[in-house]
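Worksheet: the structure to be examined is printed underneath.
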Amino acid sequence: MLDHEQVVIHTGRRSRLPVIVAVHSTALGPAAGGLRLWHYPHWRDGLTDALRLSAAMTAKFAVAGLPSGGGKAVVALPEGMELDAVRRRDVLHDVADVIASLGGVYATGPDVGTSPDDMASIGETTPHVFCRPAHLGGSGDSSPHTARGALAALRAVNRRLYGTSSLSGRALAVVGLGRVGADLARLLAAEGAALTVTDIDPDKQKIGDELGAVWRSPDEILAADVDIVVPAALGSTLTRRTAAELRCRAVVGPANNQLATPDVADLLHQRSIVWVPDYVASAGGVINAVSIELHHVSAGEARARVRAIEETVDDLLDTAQRHGQNPAQAASELVRRRLRVTSDPTSAPPMSLRLRAAGPDDAETRHC
Ligand code: PHE
């Protein structure tokens, strides 16, 4: 059964490439979610990605307590296709056409393969776009904020496991040194964490060297003898097999789609490995963008909202422990509860009014 409100698949007029926009839910507000411009063996694989990622955006906003819905856009590039500047603009304008045709139901932002400059190109056609460069009125790159949000989640877990939110001296394995992963690795190194890193691109070893990190190959790193594994690469790092090999006490990171299948969360729980759901730990970027561009809060207030991921994770782990659940179950119950509350017309006030007003059954709402 399709549990998305709508999915548009459109052959771009200029690029002839498949443009996919999945709107999972607008129950909490108009949908937002990044544009992934990436290579797929077949465009249907891009569709699968868009369906999963847009559902994760719904959960991301619900847990963050923000009045936005979940969506995602994917342009599925055939393997090996490189876009020159002209073709790239064509693709972005094709995406902008689809977004414009949705009339505000979905707004896009950067994601894997896209940048604030790409958002500027989309913004030439439609206003429904986040993270344009600051001189064009946007909130700019979301990656540093996603990294800071993941750091906040790591602090909460570190405190629970080791009694301190400081990551100084903690052994962490960062899997993936893309924009977010590299930012996060820098923050962790600055705090004095002992880093092991990897990336599928061997050139990224330079970043590891700068940070004094140990380099491991992508297939070795999950079994590294570290305290916490930090997924920051393209999805589905955790399979039943890799989860069985982990030697860490927690897995917390900014990557989307970390689990190959949902049952891996149970396996991690059985092994007493704390897993913070990806849609909780990766919310910093959207929290910052939506807070500044939709709610017009100051940069300082937006940062505070990102930092509040620490309390959100704290509450989630508490709730999970109280109910004998794993964190993934506790998080999805919270998502269901928040979606149910707003889709039930008798249960006003709407989400936007409840941002800081916690009800007895929903104490986590206050976190932004
Ligand atoms: N890449 C972001 C995410 O997965 C998407 C995004 C960022 C959307 C900023 C809007 C604004 O959360």
Side-chain angles (χ1 to χ4, degrees), residues 21-26 28-38 49-64 66-75 95-96 99 104-120 122-123 126-134 136-150 152-153 176 178-181 183-184 231-236 253-258 276-295 297 299 302-303 305-306 309 312 335 368:
V21 175
V23 177
H24 176 254
S25 168
T26 57
L28 298 180
L35 164 63
R36 190 162 280 205
L37 185 53
W38 201 243
D49 226 11
L51 294 176
R52 276 183 73 179
L53 291 162
S54 57
M57 290 307 296
T58 300
K60 206 179 277 200
F61 284 117
V63 170
L66 292 174
S68 293
K72 204 90 182 185
V74 169
V75 174
V95 173
I99 295 171
V105 164
Y106 167 74
T108 200
D111 197 80
V112 176
T114 56
S115 68
D117 285 340
D118 295 328
M119 298 304 113
I122 291 175
T126 172
H128 303 299
V129 59
F130 292 101
C131 299
R132 284 169 303 154
L136 294 174
S139 60
D141 192 5
S142 60
S143 314
H145 308 287
T146 307
R148 283 192 306 106
R179 286 202 306 258
V180 176
D183 278 349
L184 180 55
L234 276 182
S236 303
N256 287 309
N257 280 0
Q258 291 173 21
V276 174
D278 35 25
Y279 57 80
V280 181
S282 66
V286 272
I287 290 176
N288 185 75
V290 166
S291 296
I292 289 181
E293 298 189 37
L294 283 186
H295 310 154
V297 306
R303 286 176 84 89
R305 289 183 175 190
V306 173
I309 290 177
T312 302
V335 171
C368 62

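When reading the values below, keep in mind they use all heavy atoms of this one structure, side chains included, and skip hydrogens, waters and symmetry mates. In each ligand, atom 1 is the first atom listed, and ligand 1 is the first ligand listed.
- Residues Asp111 and Arg179 come closest through the heavy atom pair O-NH2, 3.9 Å.
- Within the 4.0 Å heavy-atom criterion, neither part of Glu293 lies near ligand 1.
- Side-chain contact check for Asp141 and Ser143: at least one donor-acceptor pair (N or O, by modelled atom type) lies under 3.5 Å.
- A donor-acceptor pair under 3.5 Å links the side-chain atoms of Thr146 to the main chain of Gly285, judged by distance alone.
- Ligand 1 has no nitrogen or oxygen under 3.5 angstrom from a nitrogen or oxygen of Thr108.
- For atom 10 (C) of ligand 1, the closest heavy atom belonging to the protein is Val286 CG1, 3.5 Å.
- Looking at Leu35 and Asp118, their side chains never come closer than 4.5 Å, going by heavy atoms from C-beta outward.
- Contact of the Ile99 side chain with the Val129 side chain is not registered, since no non-hydrogen atoms from C-beta on lie closer than 4.5 Å.
- Every atom of ligand 1 is numbered from 1 in the order shown, and the set under 4.0 Å from a heavy atom of Gly33 is 8 (C).
- Shown here for Lys60 and Ala283, the closest heavy-atom pair between the two residues is CG-CB, 3.7 Å.
- Between His145 and Ile292 the shortest side-chain heavy-atom distance does not fall below 4.5 Å.
- For ligand 1, the atoms lying closer than 4.0 Å to a non-hydrogen atom of Ala289 are 9 (C), 11 (C).
- In summary, the atoms of ligand 1 found under 4.0 Å from a heavy atom of Lys60, numbered by their order in the structure, are 3 (C), 4 (O), 12 (O).
- Using a 4.0 Å cut-off to heavy atoms of Asn256, the atoms of ligand 1 that qualify are 4 (O).
- Heavy-atom distances between Cys131 and ligand 1 reach below 4.0 Å in at least one pair.
- Taking only nitrogen or oxygen atoms, main chain and side chain alike, Ser282 does not reach within less than 3.5 Å of ligand 1.
- Formation of a donor-acceptor pair under 3.5 Å by the Glu293 side chain with backbone atoms of Gly138 is not found in this model.
- If you check which protein heavy atom lies closest to atom 1 (N) of ligand 1, you get Asp111 OD1, 2.7 Å.
- By heavy-atom distance, the residue among Gly149, Ser139, Gly34 lying nearest atom 5 (C) of ligand 1 is Gly34.
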